[in-house]
Amino acid sequence: MQIIEIYRSIQGESSFAGLPCIFVRLAGCNLRCRWCDSEYTFTGGKRMSAAEVEEEVARLSPAGLVEITGGEPMLQERELVPFMERLMVRGYTLLLETSGERPLENVPSAVHKIVDVKCPGSGEGGTFHMDNLAALTRRDEVKFVIADRVDYEFARDFTRAQGLESKVGGVIFSPAFRKDPTPHRDASNCQLDPRLLTNWILEDKLNVRLGLQIHKFVWEPATKGV
Ligand code: SF4
């Protein structure tokens, strides 16, 4: 697999937020979201065998959570799927963070999928692979990164039209983060004020989770590898 980095930190998003987690970040992405904070994953990385990655994961922690992320990890599906199966046999709980653009039907059902649906403001709206809806279960979570009111209305309408609140374990509405964050560890770095987003969610009586990337409130927002 082509790997950017492997490290242990806390999980910043989803219903697992706040828990210690090992991150395996794969190289490469076929999308170019305007607010992407992971452009350093688009090229480069180090070629590692699945056994080498597994060894490094075990060195960092013998048990617990592992998140597979990127870039877009499902671009390396052929090697990634058996790798995830091996980690689960060892007893790890697996999270897969994906853009939603790649087919997900081959992901093992025990993996917790955290699947983006790209909103218009990302510049990658319309890339969600609609057949992925059939692969989602109550184990999975769907995430919308929201930059403005247009994005919010898209996320709200998609959530309602697809019945996501009852279909998956959680729906996350997360304000987009600025491309050029200040060192301040506060909400001023969000493109959309989280208070405004919260008000909209409550006004519309949506049963969704406000998602803040808590690692950006623990470390300086531009810090990598945390
Ligand atoms: S899918 Fe993820 S890694 Fe790829 S461009 Fe969008 S935010 Fe960045």
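Positions are given from 1 along the sequence. Side chains included, hydrogens not; waters and symmetry mates left out as well; all remaining heavy atoms used.
- Residues Pro175 and Leu210 are in side-chain contact: their nearest non-hydrogen atoms beyond the backbone lie under 4.5 Å apart.
- Within the 4.5 Å cutoff, no side-chain heavy atoms of Glu13 are placed close to those of Ile172.
- To the nearest 0.5 Å, atoms CG (Leu60) and CZ (Phe23) are separated by 11.5 Å.
- If you take CD1 on Ile10 and CD1 on Ile214, they are separated by 4.0 Å, rounding to the nearest 0.5 Å.
- A salt bridge (charged side-chain N to carboxylate O under 4.0 Å, His left out) check over residues 54-68, counting only residues at least two apart or in different chains, returns the pairs Glu54-Arg86, Glu54-Arg90, Glu56-Arg59.
- Applying the salt bridge (charged side-chain N to carboxylate O under 4.0 Å, His left out) test to every pair with at least one member in residues 165-176, sequence neighbours left out, gives no pairs at all.
- Contact detail for Gln191 and Ala147: the closest heavy-atom pair is OE1-CB, 3.7 Å.
- Judged as a side-chain hydrogen bond (donor to acceptor under 3.5 Å, both in side chains), the pairs with a partner in residues 171-180 (not counting sequence neighbours) are, in order, Glu39-Lys179.
- Shown here are the side-chain hydrogen bond (donor to acceptor under 3.5 Å, both in side chains) partners of Ser61, two or more places apart in sequence or in another chain: there are none.
- Shown here for Leu197 and Leu192, the closest heavy-atom pair between the two residues is CB-CD2, 4.1 Å.
- Using a 4.5 Å heavy-atom threshold, the side chains of Phe144 and Asp151 count as separate.
- Between Tyr152 and Trp200, the ring-plane angle classifies as tilted under the 30° and 60° cut-offs.
- Remark: the backbone N or O of Ser188 is paired with a side-chain donor or acceptor of Asp186 at under 3.5 angstrom.
- The salt bridge (Lys or Arg N to Asp or Glu O under 4.0 Å) search around Arg8 returns none, not counting sequence neighbours.
- One N or O on the side chain of Gln76 and one on the backbone of Ala27 form a donor-acceptor pair closer than 3.5 Å.
- A donor-acceptor distance shorter than 3.5 angstrom exists from the side chain of Arg25 to the backbone of Gly70, with no hydrogens or angles considered.
- In terms of modelled atom types and a separation under 3.5 Å, the side chain of Asn132 and the main chain of Gly100 share a donor-acceptor contact.
- The two residues Glu77 and Pro82 make their nearest non-hydrogen contact at O-CD, 4.3 Å.
- Checked against ring-ring contact (aromatic ring centres under 6.0 Å, His included), His112 has the following partners two or more places apart in sequence or in another chain: Phe16.
- In plain terms, the two heavy atoms of Val111 and Arg139 that are nearest each other are O-CD, 3.6 Å.
- In this structure, Ser38 OG and Glu97 CD are separated by 9.0 Å, a value rounded to the nearest 0.5 Å.
- Cluster membership check: Phe42 does not share its hydrophobic cluster with Val24, using side-chain heavy-atom separations under 4.5 Å among Ile, Leu, Val, Met, Phe, Trp and Tyr.
- Linking ILVMFWY residues whenever their side-chain heavy atoms come closer than 4.5 Å, directly or via other members, leaves Met84 and Ile114 in distinct clusters.
- At least one donor-acceptor pair closer than 3.5 Å links the side chain of Glu72 to the backbone N or O of Met74.
- Remark: the backbone N or O of Gly211 is not paired with any side-chain donor or acceptor of Lys143 at under 3.5 angstrom.
- One hydrophobic cluster holds both Val171 and Ile201 under the rule that ILVMFWY side chains link at heavy-atom gaps under 4.5 Å.
- For the pair Asn30 and Leu75, the tightest heavy-atom approach, listed with the atom from each and the gap, is N-CD1, 3.8 Å.
- Here Lys118 contributes atom NZ and Cys33 contributes atom SG; the two are 3.5 Å apart, rounded to the nearest 0.5 Å.
- For residues 28-38, the set of pairs meeting the salt bridge (charged side-chain N to carboxylate O under 4.0 Å, His left out) definition, not counting sequence neighbours, comprises Asp37-Lys216.
- Annotation: the span from Met1 atom CE to Lys46 atom NZ amounts to 12.5 Å, rounded to 0.5 Å.
- In this structure a side-chain-to-backbone donor-acceptor pair under 3.5 Å is missing from Asp140 to Val168.
- Looking at residues two or more places apart in sequence or on another chain, you find no salt bridge (Lys or Arg N to Asp or Glu O under 4.0 Å) involving Arg138.
- In this structure, Leu26 and Thr69 have side chains that are not in contact, with every pair of non-hydrogen atoms separated by 4.5 Å or more.
- By the 4.5 Å side-chain criterion applied to Ile, Leu, Val, Met, Phe, Trp and Tyr, Leu202 is assigned to no cluster and stands alone.
- Among residues two or more places apart in sequence or in another chain, the side chain to side chain contact (heavy atoms under 4.5 Å, CB included) test is passed with Arg47 by Gln2, Glu79.
- Linking Ile, Leu, Val, Met, Phe, Trp and Tyr residues whenever their side-chain heavy atoms come within less than 4.5 Å leaves Ile6 and Tyr40 in two separate clusters.
- Here salt bridge (charged side-chain N to carboxylate O under 4.0 Å, His left out) pairs that include residues 196-215, with residues two or more places apart or in two chains, are Arg156-Asp204.
- Of all heavy-atom pairs spanning Arg185 and Val218, the tightest one is NH1-O, 3.1 Å.
- Annotation: side chain of His129 is not in contact with side chain of Leu104 (no heavy-atom distance under 4.5 Å).
- Within the 4.5 Å cutoff, no side-chain heavy atoms of Ser99 are placed close to those of Thr127.
- With a 4.5 Å cut-off on side-chain heavy atoms, Leu94 and Phe83 do not count as touching.
- Summarising the geometry, atom CZ belonging to Phe217 is positioned 4.5 Å from atom SG belonging to Cys190; distances are rounded to the nearest 0.5 Å.
- Residues Leu133 and Leu164 meet the side-chain proximity criterion, which asks for heavy atoms closer than 4.5 Å.
- With sequence neighbours excluded, no residue forms a side-chain hydrogen bond (donor to acceptor under 3.5 Å, both in side chains) with Thr41.
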